[in-house]
Structures are given as structure tokens and as C-alpha cells.
Amino acid sequence: MPEENNLERLEELVNKGISLQREAKHKEAIVYFDKAISLDENMNGEADSNLLLLKDNSLKKLDKSE
């Protein structure tokens, strides 16, 4: 049961991060992606490459805007 809760929490974090990305709120999105990455690492030993890619996309957008 705890794993199911973790999966739900992971999905919530990712969805919130994606939503913030769409609003061009990349700093906020990165916070959610970092939390999701940390949770995924705790569950699976390593973060899913898609999570890392989502975070990297926001980092690139931040670099371009500065």
C-alpha cells in the first residue's frame, strides 16, 4: 500500500511540474521535478530518465531567459 501512495504522490508532483512548465514558471517546476526525482530514486534506486529530461527542459528555458 505505501508504494501505491508513493506512485500517486509521484504522479501529482510530475503533473504539477508539467503544469508549471506550461505556464513558463520554470523555477517552480524544477522544485516539483526535484521532489519527484528524489521520490523516484528512493522507490527505484534511480530516477526515471523522463523525469530528468523534464527538469533539464526547465533548466534550459531558465538559461535562455536570463
Novice: Decide whether Leu10 and Leu20 are clustered together by the hydrophobic rule: side chain heavy atoms of Ile, Leu, Val, Met, Phe, Trp, Tyr closer than 4.5 Å, transitively.
Specialist: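 Yes, it is one cluster - the side chains of Leu10 and Leu20 are joined through contacts under 4.5 Å.
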
Novice: Excluding sequence neighbours, so at least two apart, what forms salt bridge (charged side-chain N to carboxylate O under 4.0 Å, His left out) with Glu46?
Specialist: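 Once residues adjacent in sequence are excluded, Glu46 has no partner under the salt bridge (charged side-chain N to carboxylate O under 4.0 Å, His left out) criterion.
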
Novice: Please identify each residue that fulfils side-chain hydrogen bond (donor to acceptor under 3.5 Å, both in side chains) with Asn44, with sequence neighbours left out.
Specialist: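 side-chain hydrogen bond (donor to acceptor under 3.5 Å, both in side chains) check on Asn44 returns Asp40.
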
Novice: Return the set of residues passing salt bridge (charged side-chain N to carboxylate O under 4.0 Å, His left out) with Asp48 (not counting sequence neighbours), or none when no residue passes.
Specialist: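 Per chain and number, Asp48 pairs via salt bridge (charged side-chain N to carboxylate O under 4.0 Å, His left out) with no residue.
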
Novice: What residue pairs, at least two apart or across chains, pass salt bridge (charged side-chain N to carboxylate O under 4.0 Å, His left out) with a residue in residues 7-26?
Specialist: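 Non-adjacent pairs meeting salt bridge (charged side-chain N to carboxylate O under 4.0 Å, His left out): Arg9-Glu12, Glu23-Lys25.
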
Novice: Give, for atom CG of Asp56 and atom CG of Leu51, the distance between the pair rounded to the nearest 0.5 Å.
Specialist: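 Here the interatomic distance stands at 12.5 Å.
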
Novice: A side-chain contact here means heavy atoms from C-beta on lying under 4.5 Å apart; do Asn50 and Val14 qualify?
Specialist: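 Answer no - side chains too far apart.
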
Novice: Name all residues meeting the side-chain contact (heavy atoms from CB on, under 4.5 Å) criterion together with Leu7; count only those two or more places apart in sequence or in a different chain, and write none if there are none.
Specialist: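 For Leu7 the side-chain contact (heavy atoms from CB on, under 4.5 Å) partners, ignoring immediate neighbours, are Met43.
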
Novice: Please answer: with hydrophobic residues joined when any side-chain heavy atoms are less than 4.5 Å apart, are Leu13 and Val31 in the same cluster?
Specialist: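 No; tracing contacts between hydrophobic side chains, which count when under 4.5 Å, never links both residues.
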
Novice: Run the side-chain contact (heavy atoms from CB on, under 4.5 Å) test against Phe33 and tell me which residues pass, sequence neighbours left out.
Specialist: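 Applying side-chain contact (heavy atoms from CB on, under 4.5 Å) to Phe33 gives Ile18, Gln21, Ala29, Leu54, Lys55, Ser58.
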
Novice: Are the side chains of Asn42 and Asn6 in contact, using a 4.5 Å heavy-atom criterion?
Specialist: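 Answer no - side chains too far apart.
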
Novice: Taking atom CG of Leu52 and atom CG of Asn57, what is their separation to the nearest 0.5 Å?
Specialist: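 It is 11.0 Å, given to the nearest 0.5 Å.
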
